[in-house]
Amino acid sequence: MIRPKDMTKKERRQIPRQLMTERHPKQRNKYFDEVTLGYSLKEAQLEAARCIQCKDPQCIVGCPVSIDIPGFLEMIIDHKLEDAIGKVWESTALPAVCGRVCPQEIQCEAVCVVGKKAGREPVGIGNLEMFIADWARSNGVKNKVEIAPKTGRKVAVVGSGPAGVTVAGDLAIKGHDVTVFEAFHKAGGVLLYGIPEFRLSKDIVDYEIEGLRELGVKIECNSVIGRTYDIDELLDEYGYDAVFIGVGAGLPNFLNIPGEDLTGVFSANEYLTRANLMKAFDFPHYDTPIIPGKKVAILGAGNVAMDAARTALRLGAKSVKIIYRRSREEMPSRHIEIHHAEEEGVEFELLTSPLEFIGSSEGRLAGISCERMELGEPDEGGRRRPVPIKDSQFFIDCDLAIIAIGTKANPLLTNVTEGLELNEWGNIKADPKTGKTTKDRVWAGGDITLGQATVILAMGMGRDAANSIDEYLKSLGKKGKNEKN
Amino acid sequence: MGTFKNHDTIILNEIEAPQIAKKALPGQFVILKANEMGERIPLTMADVDKKKGTITIIYMIVGKSTRLFSTLEVGEGFQDVVGPLGSPTHIEKRGTIVCVGGGTGTAVLHPITRGNFEAGNNVITILGARSRDYLILEEKMAAVSHEMKICTDDGSKGIHGFVTDALKEILDTQKVDEVIAIGPVPMMKFVSKLTKEYGVPTQVSLNPIMIDGTGMCGGCRVTIGGKTKFACVDGPEFDGHQVDYDNLINRLTAYRHEEERSEECMFEDENI
Ligand SMILES: Cc1cc2nc3c(=O)[nH]c(=O)nc-3n(C[C@H](O)[C@H](O)[C@H](O)COP(=O)(O)OP(=O)(O)OC[C@H]3O[C@@H](n4cnc5c(N)ncnc54)[C@H](O)[C@@H]3O)c2cc1C
Ligand SMILES: Cc1cc2nc3c(=O)[nH]c(=O)nc-3n(C[C@H](O)[C@H](O)[C@H](O)COP(=O)(O)OP(=O)(O)OC[C@H]3O[C@@H](n4cnc5c(N)ncnc54)[C@H](O)[C@@H]3O)c2cc1C
Ligand code: FES
């Protein structure tokens, strides 16, 4: 076979999209190992060769952090893998994560010209990003960055999710003394406690956090800012010159329907935290228990709902149903997650809305009373509004229900911090270009400013904020002798 | 960390945690995790020494994690301690306050009682336990109370009867401005029922199952006056007359089977 390198443009165009090897759905739904196994080098080179290296690459525009996609793809074809990963690292610190969880189908791959032709699929950019990042990790190739001379300036980063991790890494490279404060006993944010092992191996998250430590970043877990420390205490007593707030949007929404307090009804946050962070799937080896559930109902149809559904299957559920009040087209989850969930045996009760959780005589969940919906007129967002169908009530039998209808800003920190302006949903107001908040010396980014968004947007905001913080710290000049530490 | 075993099922640990001690207020709690595999367990700070930078926890061995905690020797540490969590108790001068403690609830009650005593209230304390062997902190409580009554279920010390009997006697004979009741859920339920009849405001401290203690999981939700509240941030103290106790009792048993299994496995491991 000719090497992709030597192929003509026409030959390149005829290569079909390379599918990543995946574990078999009926086996993988019993354990937590990662579903996708990634490309081989040959598959990666073939896939990269599908890129026609167009003059005006829209994929770069579609990428929230503007990765030079055609650039790193060409390097994969040329087998310059170290250069390729170097190129990716210029724009993102967490490619192994982004390659796996970014919604490429609405970003870079949505605008790829290769996919514009009828019957053709876009280049598998996410798969290739995952490939190159995994290659670097398994070959011990590290981001060779030069750390600038110590500036003596101290920065506190609150929260260790993708936003915080990006800020911390960027500022450490610029020579600042960075400490990350994390409320949980382990760093990683949603990547650790929310997104399950089978979609994003926790080894990857740990590896990235370790990389942060190698850059000299200090990580203080078990530190709830707003309780253990206050922002003003960090600034005025402990001598931090700037603070970045990246605490995510961690407060779970509930449905506010009767019976929600029955045992057996969980928020997705609780269920996933038990399973992922506390490793309840390995109970009683690990001490934290989880109710496995035989018949499980999931309320909602986003990424979080899919993760909860597939986790429940792996914990031994006989049946798992996604209950969603609109139709399939409106499901907010990534398509690949819906596809994977369906393959593994998750069922969908669409155009269905829950009315009440019904308890057994012992006060445990026995089922959900629901009603059927139909789609009516479009709402402000342009999505057709679901309206109940008269006399369509029916009962869904279940012993476990997981509510995955979104999260909002947690007021724990913002309630006790003076001078931080919030918007009407309780998110911190921050300049979209710099992340600067209304409070002196304080920046913010990620889900706490955007509402529940994505990993890549959180990282992008983190990078902008890091640049703005760096500029500010430089403007302070060299650390004066009579300044406090 | 210092340990002294007051009674074989009630344990006191003093833990070095200067930053938590610096910020701690009466009524707040910490979450502890013994080791890598451990569960996150909430316990109230029964005492705080800001100078020494230590906090004190007092707990009853009721299952795997508290048993594991009790095996930690002096000098060994908990892998994780986080806090202070929860809203502090609102303490002010109100007049006469009756503090009712049951079992290890007394440990939770102690800093609150002291706070009320120091704020200039007339403090009457009632301590209840199964028997004299289960009574804790008698002297410390007496030191911050103007009057103290003891009740035991078996009559081995003090009044032979429940705390509600002693409380009723007080309510019948004098004006009480507030009752604070902390102990087993049924005790708080019956105290609240009684004080409602007398129209006396009552604070209770709830102990639902928790994970994060920061409001991100909703596992600790309790029903207060028909509304859902998160005990870890909105509480743990609530208006006793508004609490749905039966719901709380129900939610506390969610993992009964798993908890038994966890402790059994612990004993099996020890036998190997
Ligand atoms: C189950 C699930 C699946 C998802 N799937 C995807 C996906 O496939 N693709 C995608 O792009 N996005 C996905 N998302 C969304 C994505 O994970 C978030 O948008 C992203 O993690 C936000 O990053 P962040 O840094 O703003 O905050 P987070 O990742 O939420 O991290 C915030 C951190 O701050 C800590 N913290 C909170 N309060 C405090 C405090 N007071 N003091 C100290 N620390 C504090 C938290 O413990 C946490 O570790 C998913 C989310 C969930 C929950
Ligand atoms: C805010 C708060 C303050 C508390 N303060 C004290 C205290 O000062 N002294 C004291 O002795 N106890 C206190 N408790 C109760 C204590 O947390 C539980 O006894 C402990 O978690 C039991 O764990 P275990 O593994 O030993 O027992 P398990 O066998 O796991 O459980 C025994 C019982 O404890 C409860 N429980 C189990 N796991 C948790 C959890 N993660 N969170 C809360 N409750 C749980 C359940 O009702 C269960 O039935 C407090 C609880 C809360 C919520
Ligand atoms: S313990 Fe998780 S919200 Fe209260």
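Computed from heavy atoms alone, side chains included, the values below leave out hydrogens, waters and symmetry copies.
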Could [X] and [Y] be called an ion pair, given the rule that one side-chain N must be under 4.0 Å from one carboxylate O?
X: B/E260; Y: B/R256; result: no
X: B/R261; Y: B/E258; result: no
X: B/K52; Y: B/E14; result: yes
X: B/D80; Y: B/K33; result: yes
X: B/K64; Y: A/D287; result: yes

Side chain, backbone, both or neither: which part of [X] has a heavy atom under 4.5 Å from chain B?
X: A/T228; value: both
X: A/L412; value: side chain
X: A/P258; value: neither
X: A/Y193; value: side chain
X: A/D282; value: neither
X: A/L262; value: backbone
X: A/E233; value: side chain
X: A/N410; value: side chain

Among [options], single out the residue with the greatest number of heavy-atom pairs under 4.5 Å to chain A.
options: B/L85, B/T214, B/T253; value: B/T214
options: B/V81, B/I31, B/I20, B/D212; value: B/V81
options: B/K227, B/R221, B/H257; value: B/R221
options: B/R40, B/Q79, B/Q28; value: B/R40

**Message:** Shorter than 4.5 Å, heavy atoms on both sides: which option in A/V224, A/I290, A/N256 has the most such pairs with chain B?
**Reply:** A/I290

**Asked** Top residue by heavy-atom pair count (under 4.5 Å) with chain B, among A/N269, A/D261, A/L277?
**Response** A/D261

**Complete:** For B/M45 and B/P84, the nearest pair of non-hydrogen atoms, with its separation, is CE-CB, 3.7 Å

**Request:** Evaluate side chain to side chain contact (heavy atoms under 4.5 Å, CB included) for B/K22 paired with B/Q19, printing each intermediate quantity in order.
**Result:** CA-CA 5 Å; B/K22 178 181 170 195; B/Q19 184 63 28; 4.0 Å; yes

**Message:** Donor-acceptor check, side chain of A/S267 to backbone of B/G218, threshold 3.5 angstrom: yes or no?
**Reply:** no

**Under 4.5 Å from a heavy atom of chain A, the part of B/N247 involved** = side chain

**Request:** May I ask you to check whether over 12 heavy atoms, not counting those of A/K202, lie within 6.0 Å of atom NZ?
**Result:** yes

**Prompt:** In terms of the angle between their ring planes, are A/F181 and A/Y240 parallel, tilted or perpendicular, with boundaries placed at 30° and 60°?
**Reply:** perpendicular

